[in-house]
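First comes the structure, then the notes that go with it.
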Amino acid sequence: MPEAATAKHLTMAWTANDPLLTVSDLKVWFPVASGVMQRTVGHVHAVDGVDLEIRAGETLGLVGESGCGKSTLGRAAIRLLKPTGGTVHFKGEDITSIRGEHLRALRREMAMIFQDPYASLDPRQTVGDIIGEPIDVHGLAKGKERQDRIRELLRVVGMNPRFADRYPHEFSGGQRQRIGIARALAVEPTFIVCDEPISALDVSIQAQIINLLENLQSKFKLTYLFIAHDLSVVKHISNRVAVMYLGKIMEVAPGQQLYRRPRHPYTGSLLSAIPIPDPKVELQRKRLILQGDVASPVNPPSGCRFRTRCPRAASYLKGDFVLRSGRRSNRYFDKFLFETDPALLKRIGAELARLVPAETQRLAAPELGAVLLGGAVSLETGLPLVLVRKEPKGYGTAKQLEGRFHAGERVTVIEDVVTTGGDSLRSIEALRAAELDVIHLVVVLDRGEGGEENIREARIPYSPLFRIQDLPLD
Amino acid sequence: MTQPLLEVSDLHTVFSTKEGMVKAVDGVSFELHAGETLGIVGESGCGKSVTALSIMRLQRPGRIVGGKVMFKGQDLTRVSEYEMREVRGKEIAMIFQDPMTSLNPVYRVGWQVGEPTRLHGGWDAKKALSSAVTMLARVGIPSAAARAKDYPHQFSGGMRQRAMIAMGLTTTPEVLIADEPTTALDVTIQAQILDLLRDVNREFGTATILITHNLGVVAGMCQRLIVMYAGKIVEAGPTTDVFANPKHPYTWSLLRSIPRLDAERHEPLKPIEGLPPNLVDLPAGCSFHPRCVFKVDRCSRDTPALLQVGDTQRSACWVTQSGTELKGA
Ligand SMILES: Nc1ncnc2c1ncn2[C@@H]1O[C@H](COP(=O)(O)OP(=O)(O)OP(=O)(O)O)[C@@H](O)[C@H]1O
Ligand SMILES: Nc1ncnc2c1ncn2[C@@H]1O[C@H](COP(=O)(O)OP(=O)(O)O)[C@@H](O)[C@H]1O
Ligand code: SF4
Ligand SMILES: [Mg+2]
Ligand SMILES: [Mg+2]
């Protein structure tokens, strides 16, 4: 997609329907020096291959834990930093390495609002001079016109125009942030990177600033990259949200979708970690607590960067577990074969068994799943395991199941691979037709092709052990 | 109800500053019961930390100018410094927002975590260290024996906070005061630390005072909650009741001003207008009145006391005390 977009920019003029800003395979690395000679011994991979598009007029939220590269990405996007690799296109133009007058002209289109309203304003300048500085730099107005403009900007951000003669220390955090916003607006930009604009503010003031930013956006048709670590705020203000982890984007989706149906385990963990100000909700919440700390951005993990903490990637995934691409018979994807080391299978079995709900009376597994996992699962759980012949697909007919189960028994189905969920749904249907109570579906590998949604529609709780996008494939 | 473990009554703590006298804690009263987790919420500067520090008698340069802190039959504001040191070391532990400032950078973590048992339990260095290692492992530090030899800067923020909690727990205190223990941490690490505090509370039965400005944290952690504004408690009650039916306009407005992760639709936030109070120059009457959408005439003249409103809550507000329900667009 980014390649396509880039290619398009090269061949066609930019129109307002194209992304305002496109970042392709963007990398920003910082050297790590060590020793007396301060030799470069490595690099912090702050931004390490990011593709993003920001559409005109939208707010793209960017969340992630501290140090994951949010601000670096924001700075590189507006060329406050020169990227190590990749490209940045603004209004169709490649701005990755522009300099001098060209870059200065670009600065009129882009602005940044910073986290710390205390540190970002020069204490020796008056509020008027702080706001007037970009006006002077770009020669936008002089004399009375300049003064009028400063006063107007103060009014726009909800402050008394007379405050132009005062100094920053005379104002509260929220007011200083308003001054920072007025300064950003001074060049009449189209695109603003808001870097944690409310994190340093009092709770009761945050909503004032959020509302102000929203009003300004509709008034001046602004496009925002809104960076914050608080996903509740980001979801509120953004059209789409990008989730970043260790220099990479893990997932981009509209906020509501991200919340309802996170596609990446990291998003899920992040959502689960955010407290909801409602005891009724909090007390019933199932918590998925992420273990450990963020890995080092100097030597980021191979494969999926999240795998060192991923709750879906059990310990064997981090070391000795390998999925191999196998026969290419499927119309969608390569096939993936599990390594058939018996000890490893037993470990997978044990892991699966943990996902089987306690009220299960019996396990059901289609042929291949049973062959792969059967022994281990039944050993682990002590539950009777029923091997069902798969003829030709799924569980066959209810008749075939007769006599193998008792009506009303609570069954958990174990599947090896789910693509669209078709097989599993057929199995569940057959089991239901035989009057069994299917309470859960546990799968080894979810190939991320919508199987989960289909199965959820059948109202069966679903637990995959792995999802394809999280696996390091070799 | 049983005898409270800790009872703070009419506590007043002041600071003398260039601009004038700051009443950081202005008549605060509450009880802490054995085994419970009590939340104290409020914006920065409202007096949460000074309240906690005053309980520990660590409020200097501030002065406690009134009130009592009853703990096990003694008034902690009056006991000798020697006795107070015993209380701090053994019976009431405190953990702070920034664990880096409360761990000494030049001593190994294991040594520091063992300090309370050496100083107050009279344990020898070896026994103290081995208990420190056990406790570090208990709070989730991997390879605790090896990591105990690290210096604080070798620990991540989350690990330092775990180490602080381990240090606090070595003497199995009855009360743990956690002052914004997760504010400096990332949300995923915050979730780990909160989970640990829940565990500690369950396993050791430690009564906890959890100070935070994050209403979400309180919602998930605390059975009861105190809301502070400008040095005073403005509302108190069971967490579920206060959230479902706030009895003070400040609580009411605050809850409406924060975006919720589980919001179904985008609705504009309803901010609290105006600025946070300046403790040197507080408005007359109810301190919240310049920002309050419910205010009536007397609010700018008379200061409301914290009184029972409804079955389970207390509120310092003329309007709700007169029986009016808080409602609004
Ligand atoms: N790498 C593999 N080696 C051997 N058999 C495989 C492999 N991958 C999948 N299979 C088997 O091939 C069959 C078809 O797999 P496929 O991924 O096409 O769909 P499925 O997951 O079974 O179907 P559905 O998604 O509809 O439930 C399944 O029975 C599965 O067990
Ligand atoms: N050492 C000090 N000297 C002067 N004023 C102080 C001192 N410590 C705290 N205060 C003041 O006491 C009030 C309450 O502070 P504090 O309890 O730290 O607030 P918070 O609720 O954020 O924890 C604030 O107005 C603060 O400025
Ligand atoms: S006393 Fe008056 S001003 Fe204070 S909170 Fe109640 S209604 Fe508002
Ligand atoms: Mg299948
Ligand atoms: Mg504090």
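Naming: A, B, ... by sequence-line order, numbering from 1 per chain. Side-chain atoms are counted along with the backbone in the values below, which use heavy atoms only and exclude waters and symmetry mates.
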(request) Let me know if Met221(B) has heavy atoms under 4.5 Å from chain A in its side chain, its backbone, both or neither. (result)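 Looking at Met221(B), nothing touches chain A.
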
Interchain contact, [X] with chain B, by part (heavy-atom threshold 4.5 Å):
X         : value
Ile276(A) : both
Val281(A) : side chain
Leu271(A) : both
Leu231(A) : both

Looking only at N and O atoms, which donor-acceptor pairs between chain B and chain A are within less than 3.5 angstrom?
| unit_1 | atom_1 | unit_2 | atom_2 | d |
| --- | --- | --- | --- | --- |
| Glu43(B) | OE1 | Ser204(A) | OG | 2.7 |
| Glu43(B) | OE2 | Ser204(A) | OG | 3.3 |
| Ser44(B) | N | Asp202(A) | OD1 | 3.1 |
| Ser44(B) | OG | Asp202(A) | OD1 | 3.2 |
| Ser156(B) | OG | Asp293(A) | OD2 | 2.8 |
| Asp186(B) | OD1 | Ser66(A) | N | 2.9 |
| Asp186(B) | OD2 | Ser66(A) | N | 3.0 |
| Asp186(B) | OD2 | Ser66(A) | OG | 2.9 |
| Thr188(B) | OG1 | Glu65(A) | OE1 | 2.4 |
| Thr188(B) | OG1 | Glu65(A) | OE2 | 3.4 |
| Thr188(B) | OG1 | Arg309(A) | NH2 | 3.2 |
| Gln192(B) | NE2 | Leu290(A) | O | 2.5 |
| Gln192(B) | NE2 | Gly292(A) | O | 3.0 |
| Arg260(B) | NH1 | Asp278(A) | OD2 | 3.3 |
| Arg260(B) | NH2 | Asp278(A) | OD2 | 3.2 |
| Leu261(B) | O | Lys235(A) | NZ | 2.6 |
| Ala263(B) | O | Lys235(A) | NZ | 2.8 |
| Ala263(B) | O | Gln256(A) | NE2 | 3.2 |
| Glu264(B) | O | Gln256(A) | NE2 | 2.7 |
| His266(B) | ND1 | His236(A) | O | 2.7 |
| His266(B) | NE2 | Glu214(A) | OE2 | 3.2 |
| Leu269(B) | O | Asn211(A) | ND2 | 2.8 |
| Ile272(B) | O | Gln208(A) | NE2 | 2.6 |
| Gly274(B) | O | Gln208(A) | NE2 | 3.0 |
| Arg291(B) | NH2 | Ser204(A) | OG | 2.7 |

Gap between atom [atom2] of [Y] and atom [atom1] of [X] - 0.5 Å precision:
X         : Y         : atom1 : atom2 : value
Phe306(A) : Leu246(A) : CZ    : CG    : 10.0 Å
Leu225(B) : Phe30(B)  : CG    : CZ    : 12.0 Å
Leu216(A) : Ile181(A) : CG    : CD1   : 6.5 Å
Leu326(B) : Thr320(B) : CG    : OG1   : 6.0 Å
Phe288(B) : Cys317(B) : CZ    : SG    : 9.5 Å

(message) Looking at chain A, which one of Gly158(B), Ala263(B), Pro268(B) has the largest number of heavy-atom pairs inside 4.5 Å, strictly under?
(response) Ala263(B)

(request) Output the option from Leu275(B), Leu255(B), Leu194(B) having the highest count of non-hydrogen pairs under 4.5 Å with chain A. (result)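 Among the listed options, the one with the most contacts to chain A is Leu275(B).
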
(request) Mind checking ring-ring contact (aromatic ring centres under 6.0 Å, His included) for Phe171(A) and listing every partner two or more places apart, or none if nothing turns up? (result) Phe163(A)

(message) Quick one, Phe155(B) and Leu103(B) - any side-chain contact, counting heavy atoms below 4.5 Å?
(response)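 Not in contact.
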
(request) State, yes or no, whether a side-chain contact exists between Leu212(A) and Val157(A) at a heavy-atom distance under 4.5 Å. (result) yes

(request) From the options Leu38(B), Ile40(B), Leu197(B), select the one residue that forms a side-chain contact (heavy atoms from CB on, under 4.5 Å) with Leu210(B). (result) Leu197(B)

